[in-house]
Amino acid sequence: MYDIIIRNGRVIDPQNKFDAKADVAIYNGKIVGVGDYQNAESDRVLDAAGHIVTPGLIDAHAHMFEDGTEIGIYPDVAYLPTGVTAA
């Protein structure tokens, strides 16, 4: 039994040179497996068909603000929904 299974996504893991349609099994906040989990039980299932599943992305150059500038963005609004987890 897993907490979350992300199914049917294109999993890209550059560190392990993996790029294929696969499922991702998550337990206790950690990825515990990548592969075929179609028959596995889970508390929550996310269908990622047509989407890319990858480790968090890093933006190496960013202009962020919380109180306002003309060239900055709000990181929580602009980054997290697009997969950027560090800037």
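Everything numeric here is computed off the predicted structure, so don't read it as measured data.
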Any pair counted as ring-ring contact (aromatic ring centres under 6.0 Å, His included), so long as it reaches residues 3-24, sequence neighbours left out: none
Kindly list each side-chain donor-acceptor pair under 3.5 angstrom involving residues 79-87, sequence neighbours excluded, with atom names and distances?
from	atom 1	to	atom 2	distance (Å)
Tyr79	OH	Asp59	OD2	2.7
Thr82	OG1	Ala78	O	3.2
Thr82	OG1	Tyr79	O	2.8

Any residue meeting side chain to side chain contact (heavy atoms under 4.5 Å, CB included) with Ile4, in chain and number order, not counting sequence neighbours: Ile6, Ile26, Arg44, Leu46
Asn39: side-chain hydrogen bond (donor to acceptor under 3.5 Å, both in side chains) partners, not counting sequence neighbours: none
Least distance between heavy atoms, Ile5 atom then Ser42 atom: N-OG, 3.4 Å
By side chain to side chain contact (heavy atoms under 4.5 Å, CB included) - contacts of Gln38 (at least two apart): Arg7, Asn8, Asp23, Asp36
Flag side-chain contact, heavy atom, 4.5 Å: Val24 against Val11: yes
All salt bridge (Lys or Arg N to Asp or Glu O under 4.0 Å) counterparts of Asp19, not counting sequence neighbours: Arg10
Co-members of the apolar cluster containing Ile12 [side chain, <4.5 Å]: Ile52
Tyr2: side-chain hydrogen bond (donor to acceptor under 3.5 Å, both in side chains) partners, not counting sequence neighbours: none
